[in-house]
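Keep in mind that what you see is a predicted model, and the values were worked out from it rather than measured. Each residue takes its place number in the sequence, starting with 1.
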Amino acid sequence: MKVHLVDGTYELFRSYFGAPEARSPAGLEVGATLGLMRSMLALLREDGVTHIGCAFDHVVESFRNDLYPGYKTSEGVPADLMAQFHLAERAVAALGIVVWPMIEFEADDGIATAAARAELDPDVEQVVICSPDKDMAQCVRGTRVICLDRVRKKVYDEAGVRQKFGVLPASIPDWLALVGDDADGYPGLARWGAKSAAAVLAHYEHLEAIPDNQAEWAVPVRGAAALAESLRNGRDEVTLYRTLARLRTDAPLPESIRELEWRGADHGALEPICNELGATGLLERVHRWSVVESEGPHSSQV
């Protein structure tokens with residue numbers, strides 16, 4: 001079996017900025033939720049999608065905000081997008097997908113935890129992380145755990161990660177620490193860019209292995225003296241940034257891998273949500289229901 005892991009927060013943001021606006025009968029903006037539901041329904045129709053979990057940032061803040069005051073918060077997130085998070089979680093759960101609403105951890109940590117568990121399961125053929133987020137690249141393992149950019153239809157296995165970033169998946173947190181991540185709110189080290197970080201880490205793999213003295217570097221890098229000075233002076237900062245970038249694999253996920261099996265949408269839960277959204281037409285897109293109804297148009301679709 002294949003296990004598909006979805007970054008619900010990414011999908012919701014993508015729908016908010018990419019899908020048309022829409023108002024519910026109560027006058028609330030729900031376009032992002034509708035876009036997310038359509039995206040999940042399309043994924044569920046694809047071949048090989050049998051076991052699926054979806055993680056959300058139930059609250060944007062996490063334990064990382066306690067480690068670094070500049071880490072990302074909900075500040076600046078549009079109010080009508082923030083208001084859809086809980087609605088989106090309910091909607092995805094009604095589709096029959098296991099939902100992980102993360103609080104102390106982030107959605108990425110939930111996905112990383114599920115990926116690590118699934119990788120160890122001998123019955124799992126492949127783990128597909130449905131996200132183009134560069135943070136998720138650290139979870140890739142050979143061709144067994146891969147990242148999938150569903151929009152661009154690009155797959156990133158270990159070779160793909162190395163081609164894109166210049167380093168192996170295990171070095172991604174170190175690479176992010178040096179380069180910085182504007183989306184997450186940490187700056188990286190002065191003078192270090194994507195190419196210089198990749199060149200050095202492709203050889204040394206991790207920050208600790210990089211000598212303080214550039215004369216000892218085994219790889220030629222332009223501006224090595226300035227880079228080495230920046231690293232010497234910023235060891236504590238860059239180590240903290242790596243802690244922020246490194247995904248946790250101990251998030252509290254109660255479900256086993258087998259409990260991620262998709263058995264169909266829950267009609268009793270989905271219909272009132274579609275009524276709330278003013279989108280009853282979505283019911284017609286469901287190709288499988290979890291409960292056989294004795295009467296009605298859905299009984300033949302189970």
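Residue-environment remark: CD (E46) exceeds the threshold of 12 foreign heavy atoms within 6.0 Å. Within 6.0 Å of atom CD in E75, 12 or fewer heavy atoms from other residues, nucleotides or ligands are found, so the atom counts as exposed in its surroundings. Around the NZ atom of K164, the shell of radius 6.0 Å holds more than 12 heavy atoms that belong to other residues, nucleotides or ligands.
Side-chain contact between I129 and V140: absent, with no pair of heavy atoms (C-beta onward) separated by less than 4.5 Å. In this structure, the side chains of F56 and V92 come closer than 4.5 Å at one or more pairs of heavy atoms. The side-chain heavy atoms of L282 and R285, taken from C-beta on, include a pair separated by under 4.5 Å. When side chains are defined from C-beta on, L201 does not count as touching L168, because their heavy atoms never get closer than 4.5 Å.
The minimum heavy-atom distance between D157 and G142, with the atom names listed, is CB-O, 3.2 Å.
Between the side chain of D7 and the backbone N or O of S131 there is no donor-acceptor pair closer than 3.5 Å. In this structure, the side chain of R150 engages the main chain of S39 through a donor-acceptor pair within 3.5 Å.
Screening residues 94-108 for side chain to side chain donor-acceptor pair (under 3.5 Å) gives S62-E106, R64-E106, Y71-E106, K72-E106, W100-E255 as the qualifying pairs, with residues at least two apart or on separate chains. Within the structure, ring pair (Phe, Tyr, Trp, His ring centres under 6.0 Å) contacts touching residues 197-227 (residues at least two apart or in different chains) do not occur. Judged as a salt bridge (Lys or Arg N to Asp or Glu O under 4.0 Å), the pairs with a partner in residues 125-147 (not counting sequence neighbours) are, in order, K134-D181.
A salt bridge does not link E208 with R235: every distance from a Lys NZ or Arg NE/NH1/NH2 to an Asp or Glu carboxylate oxygen is 4.0 Å or more. R263 has a carboxylate O that lies under 4.0 Å from a charged side-chain N of E261, or vice versa, which qualifies the two as a salt bridge. Ion pairing between E229 and R232 fails under the 4.0 Å rule for side-chain N and carboxylate O.
Under the 30°/60° scheme for interplanar angles, the aromatic rings of Y241 and Y186 are found to lie parallel.
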